[in-house]
There are 2 protein chains.
Amino acid sequence: MREAEQTRQLILDVTSEEIHKNGFQATSLSTILTQCNISKGALYHHFANKQELGYAVFEEIYTPMFLSMWEPAVTQEDPIQGLCDFFESLAKDMSCEEVICGCPVNNLSQEMACVDEGFRLRILAMQQKLNTLISENLRRVSEQLRSDLDYSQVSYFIVSAFHGSSSLSKSTQNKALFQTVMAELCVYIKSLQKN
Amino acid sequence: MREAEQTRQLILDVTSEEIHKNGFQATSLSTILTQCNISKGALYHHFANKQELGYAVFEEIYTPMFLSMWEPAVTQEDPIQGLCDFFESLAKDMSCEEVICGCPVNNLSQEMACVDEGFRLRILAMQQKLNTLISENLRRVSEQLRSDLDYSQVSYFIVSAFHGSSSLSKSTQNKALFQTVMAELCVYIKSLQKN
DNA sequence: ATTATAACCGACCGGTTGGTTTGTTGTAAA
DNA sequence: TTTACAACAAACCAACCGGTCGGTTATAAT
């Protein structure tokens, strides 16, 4: 009964990596089974089907990972500086594998949102959570920012630019390109401040 | 001999739509055959395999469509205004289907760049073409723009933001969100001008 | 010790995939 | 009219897919 949870977690971990590399639809159960060194019966004991396994990966792996990545950047005293530092360190420390595979959340969103309603709703919920996280922390320091800002709009733009550059660097497999766009994103973010 | 080219074109058109809707890997040959009302022999007479068919769609459909979409926006007298008009009309006239399916080029790039080298190289070439198209036309009016600009960097940022917002609106299936981010992108673009 | 059930195994299933092969038809040059 | 080849048609193939199911083992309560 104790190892059961370990098996479940192993399946989630392996599956999340495999989805990150190949996408959800192109990830076959057989490769998951091989990597986990378990049988098909074991997998179907823990998850009803492939779809439910995908949902579990998104909810238990991707969403927490993604939100906890952004959270410290905006909750610190100066979210403007926090975001810039975040993007810079991201561009600097990103491994070549991460450049090639892209952002897991972005990948899965692109692939599954228009195909599977369950994924779409989960993605939507996560995006809204992220938007309020960013926009509310910007509003927190609104006295330092320009008066003409629509915080929700700005937040969505920042996330869009991030995902877009992650896409671009992934599709061209060019890390320098990611750094370039991140640098310009920082220029934009700092332009939100007064003066 | 005359209808042969028509058949080939029909296959390309149907396949490009199907890839746009479902992605390349999830598009099966059988659905293409059904929609074209042809046999498998006919398809394999015109294309060596599914991969080559995909390459042909990218080169003969997607790339010209994508470049001809951007080109008039930046080649007019004022590329800054041209880009803003372009994005605004795009956000306004975009059909719900286009919102849901996203940008075909962006979709295919995301899906195939890290999986298939042939796709990656074609995508890379197209992105570089687009970048020079935008950056050279910005440089053309450099006397109207800020002096601290890196034109290539700015161009990549614009394209990234565009793809990112197209991604976001696709994954959330929210047209208003696309308009929102496009509006903020125009704000950014206009900030490139002097004063 | 018995019993119940969670945890897991692996053979099997129908269906689909991309791809091959053999055969037919239309057309155009010789 | 014969010949040659482009342009298809359709049956067929092995491989793989997600999913099912009957059976086995381990564990924990009774």
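Convention: sequence-line order gives letters A, B, ...; per-chain numbering from 1. All of these numbers come straight from a predicted model, not from anything done at the bench.
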Could you state the [atom1]-[atom2] distance from [X] to [N], rounded to the nearest angstrom?
{"X": "B:Asn37", "N": "D:dC8", "atom1": "CG", "atom2": "P", "result": "12 Å"}
{"X": "B:Phe47", "N": "D:dC8", "atom1": "CZ", "atom2": "P", "result": "12 Å"}
{"X": "A:Tyr44", "N": "D:dG19", "atom1": "OH", "atom2": "C1'", "result": "5 Å"}
{"X": "A:Leu43", "N": "C:dA6", "atom1": "CG", "atom2": "P", "result": "18 Å"}
{"X": "B:Leu53", "N": "C:dG18", "atom1": "CG", "atom2": "C1'", "result": "12 Å"}
{"X": "A:Leu10", "N": "C:dC8", "atom1": "CG", "atom2": "P", "result": "10 Å"}

(message) Between A:Arg120 and A:Glu117, does any NZ, NE, NH1 or NH2 come within less than 4.0 Å of an OD or OE carboxylate oxygen?
(response) yes
(message) Strictly below 4.0 Å, N to O, side chains only: are A:Glu60 and A:Arg8 in salt-bridge contact?
(response) yes
(message) What contact category does A:Ile38 fall into here, base, sugar-phosphate, or nothing, at under 4.0 angstrom with non-hydrogen atoms?
(response) sugar-phosphate
(request) Heavy atoms only: give me the nearest A:Ser135-A:Tyr151 pair and the separation to one decimal. (result) CB-O, 3.7 Å
(request) Compare every heavy atom of A:Ala113 with every heavy atom of B:Lys170, then report the nearest pair and how far apart it is. (result) O-CB, 4.2 Å
(request) Give a yes or no on whether a donor-acceptor pair under 3.5 Å exists between the nucleobase atoms of D:dG19, that is its base, and the side chain of A:Lys40. (result) yes
(message) Short of 4.0 Å, heavy atom to strand atom, which residues of residues 22-35 of chain B count as contacting DNA chain C?
(response) B:Thr27, B:Ser28, B:Leu29, B:Ser30
(message) Which nucleotide wins on minimum distance to the side chain of B:Ser39, given the candidates C:dT20, D:dG18, D:dA9?
(response) D:dA9
Is [X] close enough to [N] that one of its side-chain N or O atoms is under 4.0 Å from OP1 or OP2 there?
{"X": "B:Thr7", "N": "D:dC8", "answer": "yes"}
{"X": "A:His46", "N": "C:dC8", "answer": "yes"}
{"X": "B:His45", "N": "D:dA7", "answer": "yes"}

(request) Measure the acute angle between the ring planes of A:Phe66 and A:Phe162, then classify it against the limits of 30° and 60° as parallel, tilted or perpendicular. (result) tilted
(message) Please verify the inter-ring angle class for B:Tyr188 with A:Tyr188; under 30° counts as parallel, over 60° as perpendicular, anything in between as tilted.
(response) perpendicular
(message) Could you tell me if A:Lys50 sits above the aromatic ring of A:Tyr55, with its cationic atom closer than 6.0 Å to the ring centre and no more than 45 degrees from the axis?
(response) no
